[in-house]
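Whatever order the structure lists them in is the order used to number ligands and atoms, beginning at 1. Throughout, residue positions are numbered sequentially from 1 according to the sequence presented. The figures that follow rest on heavy atoms only: side chains count, while hydrogens, waters and symmetry mates do not. Quick caveat: nothing in here was measured; it's all calculated off a predicted structure.
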Amino acid sequence: MSATKQAAALTPLDIAERKNGAPLACLTAYTTPMARLVDRHCDVALVGDSVGMVLHGLTSTLGVSLEMMIMHGKAVRRGLAHALMVVDLPFGSYEQSPEQAFRNASRVMAETGCAAVKLEGGATMAPTIRFLADRGIPVMAHIGLTPQAVNALGGYRVQGRGEDGHRIKRDADAVAAAGAFAVVLEKIPEPLARAITTDIDIPTIGIGASAACDGQILVVDDMLGVFTDFRPRFVKRYAELAQEAEIAIASYVREVRERRFPAQTHVFDEALGADGVETSS
Ligand code: KIV
């Protein structure tokens, strides 16, 4: 790893300094090729535990292990040069104690080369965030709808409506005071997200929150139309890649069955000589 490459990469401090600045563009990534694409445009690449549902077919994020996060983190690291890499701490790897969180977060950082971790939870997790931040582990917090708590929350419903908004506001204050460098606000009412963004002094990154947030994040497979099992209201599809892939796969199968693939350009002569040009795309 060259020093130049590391110097060019965004740091948690750079992200924190974008409070009230140009909006932060963030996406998830789980593989090297997708990380390369995200890196060309985004400020933050999150190796989200959504990987369990998006790539592994799990029905929630609860079954995601530390080993899965580390494996996908290593793959993403190889594709990044510019964006800040953040890795999610999976369910069960940090809630028990600040010490457990430190042990697992430091392992994730050492083995993947990420610069920060993300964990779910507000006021309850504030002592853990403080513990990690004081020991050199930058933490992105995640409040509002916290998918790892789906069973306790009774589903993936909007959080912080009416009086419950005070709880989310307290969570935002607590994680900011504990030293989180940024906070994800997921699926909360727009006016609440706007008010929190105005009130706290760390960047808010919205997903189903508000355009007033300091940044936005989406699951990359959702916005590309690759993951189509369900579509939350907060997802805007910028492409329909699953449909395109289906058309391409059907064409391939048709050509194989009709012996139209491979064509002469895809096979090799018996004579020694140039094997043709290998293209990179
Ligand atoms: O796991 C994930 O992808 C996330 C984002 C949606 C914020 O936590």
Side-chain angles (χ1 to χ4, degrees), residues 12 15 23-31 34-35 38 42-66 68-73 75-76 83-95 105 108 112 114 116-122 125 129 138-150 153 156-159 168 171-172 175 180-188 193 196-197 202-210 213-224 226-227 229-238:
I15 300 302
L24 293 157
C26 317
L27 282 173
T28 63
Y30 318 113
T31 63
M34 193 59 82
V38 166
C42 290
D43 303 299
V44 174
L46 170 69
V47 187
D49 61 353
S50 50
V51 68
M53 299 172 79
V54 171
L55 289 197
H56 294 269
L58 299 177
T59 53
S60 77
T61 56
L62 301 188
V64 175
S65 66
L66 202 64
M68 285 164 77
M69 297 310 300
I70 289 172
M71 181 187 73
H72 287 286
V76 167
L84 173 74
M85 175 173 158
V86 181
V87 176
D88 257 344
L89 294 182
F91 179 63
S93 72
Y94 63 94
E95 301 90 331
V108 166
T112 68
C114 71
V117 297
K118 178 166 82 58
L119 57 80
E120 296 183 7
M125 293 313 299
I129 294 173
V139 179
M140 178 179 280
H142 183 157
I143 64 172
L145 174 64
T146 47
Q148 292 174 10
V150 57
L153 297 174
Y156 295 102
R157 54 179 68 130
V158 176
Q159 300 294 305
I168 306 295
D171 282 344
V175 299
F181 71 90
V183 57
V184 170
L185 306 180
E186 179 163 352
K187 214 168 175 183
I188 63 174
I196 289 174
T197 301
I202 58 171
T204 58
I205 299 173
I207 174 162
S210 169
C213 288
D214 298 293
Q216 302 296 327
I217 187 160
L218 284 176
V219 169
V220 74
D221 294 61
D222 282 343
M223 56 85 75
L224 291 178
V226 177
F227 182 79
D229 289 5
F230 54 86
R231 180 176 173 177
R233 174 185 161 91
F234 56 72
V235 171
K236 177 173 176 184
R237 290 244 181 100
Y238 288 82

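In the candidate list Gly208, Ser50, Pro90, Gly48, Ser50 is nearest to atom 3 (O) of ligand 1, counting heavy atoms.
Heavy-atom separations between Glu120 and ligand 1 are all 4.0 Å or longer.
Here's the thing with Thr28: none of its N/O atoms is less than 3.5 angstrom from an N/O atom of ligand 1. Polar contact check, Asp88 against ligand 1: a nitrogen or oxygen pair lies under 3.5 Å apart. Among the atoms of Tyr30, none of the N or O lies under 3.5 angstrom from an N or O of ligand 1.
Residue Asp49 is tested with Val54, Leu58, Thr61 for a side chain to side chain contact (heavy atoms under 4.5 Å, CB included); the sole match is Thr61.
Considering only non-hydrogen protein atoms, atom 6 (C) of ligand 1 sits nearest to Ile207 CD1, 3.6 Å. The protein heavy atom nearest to atom 4 (C) of ligand 1 is Leu46 CD2, 3.6 Å. Annotation: atom 8 (O) of ligand 1 to nearest protein heavy atom, Lys118 NZ, 2.9 Å.
For Thr146 (side chain) and Gln148 (main-chain N/O), no donor-acceptor pair under 3.5 Å exists by modelled atom type. Panel note: side chain Lys187, backbone Tyr156; a donor-acceptor pair is recorded below 3.5 Å. Judged by distance alone, the side chain of His142 and the main-chain N or O of Glu120 form no donor-acceptor pair under 3.5 Å.
Proximity of Val183 to Ile202: side-chain heavy atoms (C-beta onward) are separated by under 4.5 Å at one or more points. For the pair Asp222 and Leu218, the minimum side-chain heavy-atom distance is 4.5 Å or more.
Short contacts between ligand 1 and Val219, defined as distances under 4.0 Å to a heavy atom of the residue, involve ligand atoms 3 (O), 6 (C).
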Take Phe91 and Tyr94 through the ring-ring contact (aromatic ring centres under 6.0 Å, His included) test and state the conclusion after the steps. CA-CA 7 Å; Phe91 179 63; Tyr94 63 94; 8.3 Å; no
